[in-house]
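Everything below concerns the one structure shown next.
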Amino acid sequence: MSAGCCTRNSVFAPTKPTLSWKFTLPTKTLPPLRKTTKRSAVFATFISSSKPTVLVAEKLGEAGLDLLKKFANVDCSYNLSPEELCSKISLCDALIVRSGTQVSREVFESSGGRLKVVGRAGVGIDNVDLPAATEHGCLVVNAPTANTIAAAEHGIALLTAMARNIAQADASIKSGKWQRSKYVGVSLVGKTIAVMGFGKVGSEVARRAKGLGMDVIAHDPYAPADRARAVGVELVSFDEAISTADFISLHMPLTPATSKIFNDESFSRMKKGARIVNVARGGVIDEEALLRALDSGIVAQAALDVFTEEPPAKDNKLILHENVTVTPHLGASTSEAQEGVAIEIAEAVVGALKGELASTAVNAPMISAEVLSELATFVSLAEKLGRLAVQLVAGGSGVKSVKVTYASARGPDDIDTRLLRAMIIKGVIEHISSVFVNLVNADFIAKQRGLNMIEERITLDGSPENPLEYIQVQIANVESKFASAISDFGEIRVEGRVKDGKPHLTKVGSFGVDVSLEGSIILCRQVDQPGIIGKVGSILGDENVNVNFMSVGRIATQKQAVMTIGVDEEPSKEVLKKIGDIAAVEEFVFLKL
């Protein structure tokens, strides 16, 4: 991307030791902001002039489809085999699934980089390969709120149906029997229920259980204690929850840590006669272990809406067990929830394709809308500083570490710099590779390429009204194609500020400059003498290269100076050679933004 350079009397300063690194991430371009009180993740994707294509692989409510059709070409293809999905996905910008479609690594690899968004119409995302999505820069969004109440209501329905043997009594009387004594149930009032997973659904179940007069405890290693206390629920350890509860209601995601977490060992620690409800994920229960616990009487009853394999085999002994109540994954199956999920996931997918805020992103860091608004003018500055710095690296010098310094009148903990750091990563990496870097994959790409980063915050005197005074980017342990970009400490250094809402380059190496970061830049180190600016300007003017900005920073009068020239067009190699041939010009470099 750099068109050319020429150096006289090249001097390379000594390098510094390798820098250590702590890292996270953020995006491609800053999306338009909309007012919100929620925390939102930033995601931007490429929007072509033609309509994007959205593949809907499982049934979606009409309201959601109508929203999608206003923005995109919609392909509703249900019951696709894995091979058929991989075949179609290279023609699609977004994919919407429910729980029945496996979005595997092969799907992302088959997309050829076109797939930008996967929408999961529901809460769980265990059928989507998140690491593969992240590696391929594909955002994954879900619809976590629309079916919350429906799932909670179904959990309570199964709880009460199990306690009073509703399903078994119904089947009995329909078969012509009248067995009142056989189906004596248990009361819920005064019993302890352990809610395992205190997220959206779990907390709603807890509220309803308290309304039934139950004592509610909960286990969730990630739930804040104050949120549980607000509902009147005590957070306890896993062991305490399962050993003291009369009823256990499962609302945890399926992860490697929770897979078959309810197994022979867990059941052995339960109160004898415990009852279990699962409207979360089938895989969190070892179904063979549950069958043994039911047969031994450790578990008195179970009510299951989800299973390890769906649909389960017809001869599944757990399903056929007399003390097990089952439903075919109906947690979100109310007409209201289905419509709500369809609208929620359609809005999330369309918003992500437009580059708008995605509050339901599951593989991207969360950055508040307030932070986005405040840092909006610094986003372009950060990316361009990264792009400039890496172009100053001489060929053959591998970039292994980047140091970013943020100067502000605010305290170090008052600035969320994740977005800016990601933009610098984007600027650095996209120049030296063909990979596309965005909010989703910046972290992975940086680590994969061994790019070590360290952040430093400098507190300045002054008003904290502005979030940042300047951003400085340094690349250590490299040689530079423009020796003057090497600072007194031996690393390539560029520094910039936002002026009048636009990014400006304000320092190169030890030289102060002032040029708007628009178009492209020519840096010249020269002997400070009259006429040089005129000569360079004439050369560019004769070739119809428009100069939009020019500044000169010097060490002292008639000593060395660095001239920074902003140009709208890319000069030809012949024009650049003419600039290099000026006797007073010691070195120069063209940098493309």
Side-chain angles (χ1 to χ4, degrees), residues 1-2 12-13 15-30 42-44 113 130-139 363-365 367 375 378-406 415-457 471-482 485-487 489-496 508-509 517 591-593:
M1 294 173 71
S2 57
F12 298 109
T15 57
K16 293 178 69 177
T18 302
L19 297 169
S20 61
W21 178 60
K22 291 182 180 179
F23 176 76
T24 357
L25 62 77
T27 153
K28 178 172 170 65
T29 53
L30 185 72
V42 189
F43 175 71
L130 282 182
T134 300
E135 291 173 29
H136 288 80
C138 182
L139 186 73
N363 64 337
I367 299 173
L375 296 181
F378 293 90
V379 169
S380 178
L381 172 65
E383 181 181 354
K384 289 181 177 181
L385 287 177
R387 191 175 296 274
L388 282 177
V390 77
Q391 287 184 75
L392 290 167
V393 176
S397 298
V399 178
K400 297 298 182 184
S401 64
V402 175
K403 180 179 179 180
V404 185
T405 301
Y406 307 98
I415 306 171
D416 186 343
T417 59
R418 293 175 299 169
L419 174 58
L420 302 178
R421 183 169 64 247
M423 297 305 290
I424 291 167
I425 293 168
K426 175 182 174 63
V428 170
I429 291 180
E430 285 195 351
H431 176 72
I432 58 178
S433 74
S434 59
V435 69
F436 169 74
V437 180
N438 66 5
L439 165 69
V440 177
N441 66 358
D443 187 10
F444 173 81
I445 295 296
K447 290 181 179 179
Q448 183 187 54
R449 294 176 177 270
L451 179 62
N452 298 324
M453 297 192 70
I454 187 167
E455 288 185 298
E456 178 183 58
R457 292 173 173 82
I471 300 174
Q472 186 182 95
V473 176
Q474 302 172 30
I475 300 180
N477 300 326
V478 294
E479 297 180 340
S480 176
K481 63 177 67 171
F482 187 71
I486 299 290
S487 75
F489 296 96
E491 75 279 325
I492 290 176
R493 178 182 295 177
V494 293
E495 185 178 298
V508 176
L517 289 174
L591 305 170
K592 188 173 182 180
L593 297 175

Looking at A389 and V473, what are the two nearest heavy atoms and their distance?
CB-CG1, 3.9 Å
Would you say the side chain of V404 lies within less than 4.5 Å of the side chain of I454, judging by non-hydrogen atoms?
no
In Å, rounded to the nearest 0.5 Å, how long is the span from CG of L420 to CG of L381?
8.5 Å
Do T417 and R457 come within less than 4.5 Å of each other through their side chains, counting heavy atoms only?
yes
What's the verdict on side-chain contact (heavy atoms from CB on, under 4.5 Å) for K403 and E455, showing C-alpha distance, side-chain angles and the deciding distance?
CA-CA 6 Å; K403 180 179 179 180; E455 288 185 298; over 6 Å; no
Could you tell me if the side chain of T405 sits less than 4.5 Å from the side chain of I471, heavy atoms only?
no
So how far is it from Q474 CD to S401 OG, rounded to the nearest 0.5 Å?
9.5 Å
Separation between CD1 (I429) and CG (L451), nearest 0.5 Å, reads 5.0 Å
Out of curiosity, E495 CD to S487 OG, how far, rounded to the nearest 0.5 Å?
11.0 Å
So, the side chain of N452 versus the backbone of A446: is there a donor-acceptor pair under 3.5 Å, distance only?
no
Compare every heavy atom of Q391 with every heavy atom of K592, then report the nearest pair and how far apart it is.
O-NE2, 2.6 Å
Taking the side chain as every heavy atom from C-beta outward, state whether L392 and I486 have any pair of such atoms under 4.5 Å apart.
no
Tightest non-hydrogen contact, residues G386 and V428, listed as O-CG2, 3.6 Å
Euclidean distance, E383 CD relative to H431 NE2, rounded to 0.5 Å:
12.5 Å
For the student: nearest non-hydrogen atoms of V494 and L385, plus distance
CG2-O, 3.7 Å
On a heavy-atom basis, the closest approach of A382 and M423 is CB-CB, 3.9 Å
Any side-chain heavy atom of Y406 sitting closer than 4.5 Å to one from R421?
yes
At what distance, to the nearest 0.5 angstrom, does CD1 of I492 lie from CD of E479?
9.5 Å
